[in-house]
Amino acid sequence: MTSGEGAELPGSIQVLWDLRNRQQRGRRGLSTARIVEAAIEFADENGLGALSMAKVAERLDFATMSLYRHVASKDELQALMLDMAYGPPPAPADGEEDWRPGLERWARAFADVFRRHPWMLQIPLGGPPLEPGQLSWLECGLRTLGRNGLTPGDKLSVMLLLIGYVRNSAQQRGGLERPDVSEAELMAAYGQAMDKFVDAATFPAVRELLEAGTFEAAEDDFSFGLQRVLDGIEVLIALRAGRRLLD
C-alpha cells in the first residue's frame, strides 16, 4: 500500500470508515454490515475457502446479485471481514497499570482474535493499516505504552514487533492446533513420535531434549515468547532513560 498525494486506496477503506461513522438501523433489509457479519459467521463455521458471495446470499435469504449493490466484489468482502472481525480492543487500563502488564493483556486479547477467527490469517495484508478496526488496536497499544521515555518512532516499532509476534505465533499454531487437543498434548505427542526416529548419534541435541522429558512438560510457547519480547522492550526503555541521563 502506498501513501501520498494522488494515491489510490482500496474501496474497502472508504466503506469501512463510512460504516464506522454511520449507524445502520435497518436490520430487516440488506446492508453492508449485515452482509459482512453473515460472511464472518460463515467463515468461522466453514473456513475461508468455502466462502462465496452465493453462500453468503443464501445465508441471508437474498439473491446473490443483490449483495453487489453493497459489496463490490469477494475481495472487498474479505477486506471488510478482516477489519470487522478484529472487534474492539481491550478496554483502556486504569492509570495505575504499568505498561508491561498492559501490553501483555493487549497481546493476549489480540491473540484471542485469531483463535476465534483463524481464517483471518489466510487474508494477505496489503500494507500498514488504514482500516478503522485495525487502527483502534494500534491506538490502544500505543496508549498502553504511555509516557515511558520512548520516542514516537520507538513506540511504532514496538507495536509492529508485538503485532508481528502475535500473528506469527498464531500462524504457527494454526498449522498444528486441533480444537479437541491442548497444546501440551500436541507437544507430548510430537515428542513421542520423534522418540521413534531420533537417535543420539545423529541428533544428540534433540535426543537430550527427549531424554529430559522436555516435550512432556513443555511450557506455553506463546507465553514464553511474549515475555521475551516484553523483556526486550523493557531493555529499550532502560536504554532510552540512560541516554537521557547522560544528555
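Position 1 is the first residue of the sequence; numbering continues from there.
- Here the closest heavy-atom approach between residue V71 and residue E76 is recorded as CA-OE2, 3.7 Å.
- The hydrophobic cluster containing L51 also contains M65, counting ILVMFWY residues as joined when their side-chain heavy atoms lie under 4.5 angstrom apart, directly or transitively.
- Under the 3.5 Å distance criterion, the side-chain polar atoms of D44 are left unmatched by any main-chain donor or acceptor of H117.
- Nearest heavy-atom pair, C140 versus W106, reported as atom, atom and distance to 0.1 Å: SG-CD1, 3.7 Å.
- Stacking of R228 on the aromatic ring of F224 is recorded, both the 6.0 Å distance cut-off and the 45° axial limit being met.
- When all heavy atoms are compared, the tightest approach of A85 to M120 is CB-SD, 3.8 Å.
- Salt bridge status for R143 with E139: present, with a side-chain N to carboxylate O gap under 4.0 Å.
- Separating the CD atom in Q78 from the CG atom in D83 is a distance of 14.0 Å, to the nearest 0.5 Å.
- For the pair D199/R207, no side-chain contact is recorded, criterion being any heavy-atom separation below 4.5 Å from C-beta on.
- Between the T214 side chain and the L210 main chain, no donor and acceptor come within less than 3.5 Å of each other.
- In the hydrophobic cluster analysis, where Ile, Leu, Val, Met, Phe, Trp and Tyr join through side-chain heavy atoms closer than 4.5 angstrom, L161 is grouped together with W99.
- The local environment of CG in D61 is sparse, with at most 12 non-hydrogen atoms from other residues, nucleotides or ligands closer than 6.0 Å.
- Side chains of F215 and Q192 form no contact here, defined as non-hydrogen atoms less than 4.5 Å apart.
- Here the CG atom belonging to L236 is positioned 8.0 Å from the OG1 atom belonging to T151, to the nearest 0.5 angstrom.
- Expressed to the nearest 0.5 Å, how far CD1 of I123 lies from CG of L48 amounts to 5.0 Å.
- Taken together through direct or relayed side-chain contacts under 4.5 Å among Ile, Leu, Val, Met, Phe, Trp and Tyr, L156 and I163 form parts of separate hydrophobic clusters.
- With salt bridges taken as basic N to acidic carboxylate O contacts below 4.0 Å, one links D154 and R240.
- Closest non-hydrogen pair, T64 versus A57, comes out as CA-CB, 3.6 Å.
- For the residue pair T144/R105, the side-chain donor-acceptor check at 3.5 Å is not satisfied.
- Looking at I237 and I233, their side chains come closer than 4.5 Å, going by heavy atoms from C-beta outward.
- Between the side chain of K155 and the backbone N or O of G146, at least one donor-acceptor pair lies under 3.5 Å.
- Between the side chain of D195 and the backbone N or O of G191 there is no donor-acceptor pair closer than 3.5 Å.
- Under the 4.5 Å side-chain heavy-atom criterion for Ile, Leu, Val, Met, Phe, Trp and Tyr, V229 and L160 are members of distinct hydrophobic clusters.
- Counting only distance, with no hydrogens or angles, the side chain of S66 and the backbone of A63 share a donor-acceptor pair below 3.5 Å.
- In this structure, Y86 and W137 have tilted ring planes: the angle between them lies in the 30° to 60° band.
- When all heavy atoms are compared, the tightest approach of A38 to V56 is CB-CG1, 4.2 Å.
- Across every non-hydrogen atom of F222 and S169, the tightest pair is CD1-OG, 3.2 Å.
- Checking side-chain atoms of Y68 against main-chain N and O of S73 turns up no donor-acceptor pair under 3.5 Å.
- In this structure, the side chains of E234 and L239 stay at 4.5 Å or more apart for every pair of heavy atoms.
- In this structure, a donor-acceptor pair under 3.5 Å is present between the side chains of R100 and Q227.
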Decide side chain to side chain contact (heavy atoms under 4.5 Å, CB included) for M81 and W119; before the verdict, give the C-alpha distance in whole Å, the side-chain angles of both, and the deciding distance to 0.1 Å. CA-CA 10 Å; M81 291 167 60; W119 52 266; 3.7 Å; yes

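- A salt bridge does not link R59 to E37: none of the charged side-chain nitrogens sits closer than 4.0 Å to a carboxylate oxygen.
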